[in-house]
Amino acid sequence: QVQLVESGGGLVQAGGSLRLSCVASGRTFSGYGMAWFRQAPGKEREFVAAIRWRDQNTYYADSVKGRFTISRDNAKIAVYVQMNSLRSEDTAVYYCAADSGMGFWNYGSSRTYAYWGQGTQVTVSS
């Protein structure tokens with residue numbers, strides 16, 4: 001089991017930046033990858049970015065491509081997302097997710113991830 005804890009959310013003005021962190025318990029990760037999702041009130045949880053653990057290949061939703069950068073820690077189980085040029089539509093609760101390594105890794109589907117953090121609120125004001 002992987003336990004995930006997000007941090008770094010907050011209030012930022014449009015055009016500003018935030019960096020979210022997700023740290024996991026333990027030193028071993030057996031999954032294919034980790035990801036960030038977000039959910040705004042009244043909307044479904046949507047894919048933001050993912051990273052494949054073994055080679056650090058990254059994947060992004062079109063809505064954040066060029067603005068967000070996902071990365072992982074080389075020494076521990078941790079994933080980050082640097083969010084630049086934030087817009088009001090980026091306002092949401094952001095969740096970190098990790099897959100179990102069992103089965104196909106469909107990086108953009110929330111159903112592929114077995115482990116989830118508690119979420120951290122990101123609010124972008126204009």
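Computation of the quantities below employed the complete heavy-atom set of this structure, encompassing side-chain atoms and omitting hydrogens, waters and symmetry-equivalent molecules. Along the sequence shown, residues are numbered consecutively beginning with 1.
When all heavy atoms of Gln121 and Ala92 are compared, the closest pair comes out as NE2-O, 3.4 Å. Listed here is the closest heavy atom pair of Val2 and Leu4: CG1-CD2, 3.4 Å. Ile70 approaches Met34 most closely through the heavy-atom pair CD1-O, 4.2 Å.
Judged as a side-chain contact (heavy atoms from CB on, under 4.5 Å), and not counting sequence neighbours, the contacts of Gln118 are Val5, Glu6. Tyr115 is linked by a ring-ring contact (aromatic ring centres under 6.0 Å, His included) to nothing, counting only residues two or more places apart in sequence or in another chain. Considering only residues two or more places apart in sequence or on other chains, Gln56 meets the side-chain contact (heavy atoms from CB on, under 4.5 Å) condition with Ile51, Arg72, Asn74.
To the nearest 0.5 angstrom, Ser30 atom OG is 11.5 Å from Trp53 atom CH2. Between the NZ atom in Lys65 and the OG1 atom in Thr58 there is a gap of 9.5 Å [rounded to 0.5 Å]. Remark: Glu44 CD to Ser110 OG distance equals 8.5 Å, nearest 0.5 Å.
Around CD of Glu89, the count of heavy atoms belonging to other residues, nucleotides or ligands within 6.0 Å exceeds 12.
Formation of a donor-acceptor pair under 3.5 Å by the Thr91 side chain with backbone atoms of Val124 is found in this model. With hydrogens and angles ignored, the 3.5 Å screen pairs no side-chain donor or acceptor of Thr112 with any backbone N or O of Ser109.
Applying the disulfide bond (SG atoms under 2.5 Å apart) rule to pairs touching residues 36-88 yields nothing, sequence neighbours excluded.
Between Phe68 and Asp90, the closest side-chain pair of non-hydrogen atoms falls below 4.5 Å. Contact of the Asp73 side chain with the Tyr80 side chain is registered, since non-hydrogen atoms from C-beta on lie closer than 4.5 Å. Inter-residue side-chain proximity for Val79 and Ser71 is flagged as unmet; no heavy-atom pair is nearer than 4.5 Å.
Ring pair Phe47/Tyr107: centre-to-centre distance below 6.0 Å. Ring centroids of Trp116 and Phe37 are separated by less than 6.0 Å, placing the two rings close together. For an aromatic pair to be called close, the ring centres must be under 6.0 Å apart, and Trp36 with Tyr95 fails this.
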Would you tabulate the side-chain donor-acceptor contacts of residues 16-23 under 3.5 Å, counting partners in other chains and residues two or more places apart, or write 'none'?
unit_1 : atom_1 : unit_2 : atom_2 : d
Ser17  : OG     : Asn84  : OD1    : 2.9

Just list the side-chain donor-acceptor pairs under 3.5 Å for residues 98-106, sequence neighbours left out, or say none.
unit_1 : atom_1 : unit_2 : atom_2 : d
Asp99  : OD1    : Tyr32  : N      : 2.6
Asp99  : OD1    : Gly33  : N      : 2.9
Asp99  : OD2    : Tyr32  : N      : 3.3
Asp99  : OD2    : Gly101 : N      : 2.9
Ser100 : OG     : Met102 : N      : 3.2
Trp105 : NE1    : Tyr113 : OH     : 3.1

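Each of Val64, Val81, Thr120 was scored for a side-chain contact (heavy atoms from CB on, under 4.5 Å) with Arg38, with one residue passing: Val64.
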If you apply the rule side-chain contact (heavy atoms from CB on, under 4.5 Å), what do you find for Gln39 with Tyr94, and how did you get there?
CA-CA 7 Å; Gln39 187 167 23; Tyr94 283 70; over 6 Å; no
side-chain contact (heavy atoms from CB on, under 4.5 Å) evaluation trace for Val122 with Met83:
CA-CA 10 Å; Val122 172; Met83 307 186 296; 3.9 Å; yes
